[in-house]
Peer 1: 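If you scroll down you'll find the structure; I have some questions about it.
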2 protein chains.
Amino acid sequence: MSAPSLRARVRSEMSQEIKDVARRHLATDGANLSLRAVARDLDIVASALYRYFPSRDALLTALIIDAYDALATAATEADAAVPRDDLRGRWLAVCRAVRTWALAHPAEYGLIYGAPVPGYAAPQDTVEPASKVILLLVDIVVDGLGRLQPLKASPLTTPLRADLRRLIEQRHSDLLEERLDRVLVAWTHLFGVLNFEVFGRLDEMIEARAENFDHHMALMADLTGLPR
Amino acid sequence: MSAPSLRARVRSEMSQEIKDVARRHLATDGANLSLRAVARDLDIVASALYRYFPSRDALLTALIIDAYDALATAATEADAAVPRDDLRGRWLAVCRAVRTWALAHPAEYGLIYGAPVPGYAAPQDTVEPASKVILLLVDIVVDGLGRLQPLKASPLTTPLRADLRRLIEQRHSDLLEERLDRVLVAWTHLFGVLNFEVFGRLDEMIEARAENFDHHMALMADLTGLPR
DNA sequence: CTGGAGTGAGAACAGTGTTCTCGAATAAGT
DNA sequence: ACTTATTCGAGAACACTGTTCTCACTCCAG
């Protein structure tokens, strides 16, 4: 669409460069990101950053959104690379992609799945990319309707069933509440294992991390009723 | 024993008071804890804090240790209040106690189960209280040996089995590798749900939080083979 | 060609963790 | 009981931080 106005182009390039440097600092300093240090690396004075991001929080928010997006595309691409009817293959591919990304970018993972800073309200821009992974898992199960294994009974209480019903109607898929429940269990577990692994809670306990992860996610596939 | 030397007593009282104030600040400011703000609340100058804690990190470490201890005793007491042979009752009591504590102290929970700051190595003092919850869960299962339900097959790879074997021998209990594996799955899941709930990832998804939690942990009890 | 917008530099302000020095108070040793 | 040593808090100082303002300079549009 017409001229991106050279100035606008170098501007977005500069924004990108700032985020890249900030990301690099994130990896070593964690969430205590120093604007002045970022500026130094860019041979720029700190106040100049404010032409691109109105505050430190805004920069962090941009990094958070980027992280969600990167994770989502990694998972989506992994899913797309597996034949549609290989449900377990897709399931494992998505889970492994999430893990691979998380291990490759621990600081950014911590930014989005660690403890949020109190008072920092996640902007609306983050909710859509944040829900991408669970939607992928749901899609896999939906694609398997008719071939899924029956679930061992585990009764849902009425209020919980209502929550599930609401979620199903929002996306107007036609899953049973029990089935969606299991997907949510699996989704919860996925990030439970990853938090433990990325945050170092498995150190000196489990050495066979990859095997452990695959095993956990296979159990979750069973629990969800994916056919073998 | 003997004389706690009045000076040592007021010293430990002061340390306690500092931690209390710091805890209060933690709840509102998150991990960016300001020493000077804490000092102000105590009508003390910031440098005076260094008589009690050699650095800000040291104060945070003390808070972390306290948090682990508080969580561990909450869980232990909950377990002790249920008849020994009511395995599922004990299981649910422990899980609920962890949840209750986490929801009552979200900032401290985030401190110990959120993303760790890079470069901050958890001191040795934290590993023992940190493993208390999983040990409680293991104990419940061990107390049920002979009454446990057989596990649906889900083969363990050799390296993973070796990890589990090593853990079993460290504590010289006589669990099967498969059984310990399920306890670890349940343990992982416990903190997976709690991270989601405490860090707000269930907002606008699940309203029936308590029911959801109980349901998840009951599923984990099933998966571990606790008799009904 | 000229006004206006976009950009970066620099100074300034309030806040931070940390170190050091210096009196005052308290405990310990003789 | 008197002196010596230790502990404590205050205060100043240093090197940082995020943020705001003002001031030049450059670029593009009318």
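Just so it is clear, the model here is predicted, and its values are computed rather than measured. In the text below, chain A, chain B and the rest are named by the order of the sequence lines, each starting its count at 1.
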Peer 1: Rounded to the Å, how far apart are A:R36 CZ and D:dC16 P?
Peer 2: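 Interatomic distance, CZ of A:R36 to P of D:dC16: 11 Å.
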
Peer 1: Expressed as a whole number of angstroms, how long is the span from A:N32:CG to D:dC16:C1'?
Peer 2: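 For the pair A:N32 CG and D:dC16 C1', the rounded distance is 13 Å.
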
Peer 1: Base, sugar-phosphate or nothing for B:L49? Non-hydrogen atoms, less than 4.0 Å.
Peer 2: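 Contact class for B:L49: none.
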
Peer 1: Taking atom CZ of B:R165 as the centre, report whether more than 12 heavy atoms of other residues, nucleotides or ligands fall under 6.0 Å from it.
Peer 2: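 Correct, the count exceeds 12.
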
Peer 1: Using ring pair (Phe, Tyr, Trp, His ring centres under 6.0 Å) as the criterion, list what pairs up with B:H105, not counting sequence neighbours.
Peer 2: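 Testing B:H105 for ring pair (Phe, Tyr, Trp, His ring centres under 6.0 Å), a comparison that skips the adjacent residues, returns B:W101.
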
Peer 1: Is A:E128 atom CD crowded by more than 12 heavy atoms from other residues, nucleotides or ligands, each under 6.0 Å away?
Peer 2: no

Peer 1: Report the relative orientation of the aromatic rings in A:F191 and A:Y109; use parallel for angles under 30°, tilted for 30 to 60°, perpendicular for over 60°.
Peer 2: parallel

Peer 1: Among side-chain atoms of B:Y68 and B:D125, is any donor-acceptor pair under 3.5 angstrom?
Peer 2: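 The criterion, which ignores hydrogens and geometry beyond distance, is not satisfied for B:D125 and B:Y68.
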
Peer 1: Chain B on DNA chain C: first and last contacting nucleotide, 5' to 3', under 4.0 Å to a heavy atom?
Peer 2: C:dT16 to C:dA27

Peer 1: Using side-chain heavy atoms (C-beta onward) and a distance below 4.5 Å, is B:H215 in contact with A:D181?
Peer 2: yes

Peer 1: Would you please confirm or rule out a distance under 4.0 Å between OP1 or OP2 of D:dT17 and any side-chain N or O of A:R40?
Peer 2: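 Answer yes for this pair, as a side-chain N or O of A:R40 is under 4.0 Å from OP1 or OP2.
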
Peer 1: With respect to A:V142, which candidate in A:L137, A:L180, A:L175 satisfies the side chain to side chain contact (heavy atoms under 4.5 Å, CB included) definition?
Peer 2: A:L175

Peer 1: Quickly work out the B:L35 CG to D:dA15 C1' distance and round it to whole Å.
Peer 2: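 The answer, rounded to whole Å, is 16 Å.
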
Peer 1: If you count every heavy atom of other residues, nucleotides or ligands that lies below 6.0 Å from A:K19 atom NZ, does the total exceed 12?
Peer 2: yes

Peer 1: Could I get a table of every N or O pair under 3.5 Å where one atom is in the protein and the other is in nucleotides 4-10 of chain D?
Peer 2:
{"from": "D:dC8", "atom 1": "OP1", "to": "B:R11", "atom 2": "NE", "distance (Å)": "3.2"}
{"from": "D:dC8", "atom 1": "OP2", "to": "B:R11", "atom 2": "NE", "distance (Å)": "3.1"}
{"from": "D:dC8", "atom 1": "OP2", "to": "B:R11", "atom 2": "NH2", "distance (Å)": "3.3"}
{"from": "D:dG9", "atom 1": "OP1", "to": "B:Y52", "atom 2": "OH", "distance (Å)": "3.0"}
{"from": "D:dG9", "atom 1": "OP2", "to": "B:Y52", "atom 2": "OH", "distance (Å)": "2.8"}
{"from": "D:dG9", "atom 1": "N7", "to": "B:R51", "atom 2": "NE", "distance (Å)": "3.2"}
{"from": "D:dG9", "atom 1": "O6", "to": "B:R51", "atom 2": "NH2", "distance (Å)": "2.6"}
{"from": "D:dA10", "atom 1": "OP2", "to": "B:V45", "atom 2": "N", "distance (Å)": "2.8"}

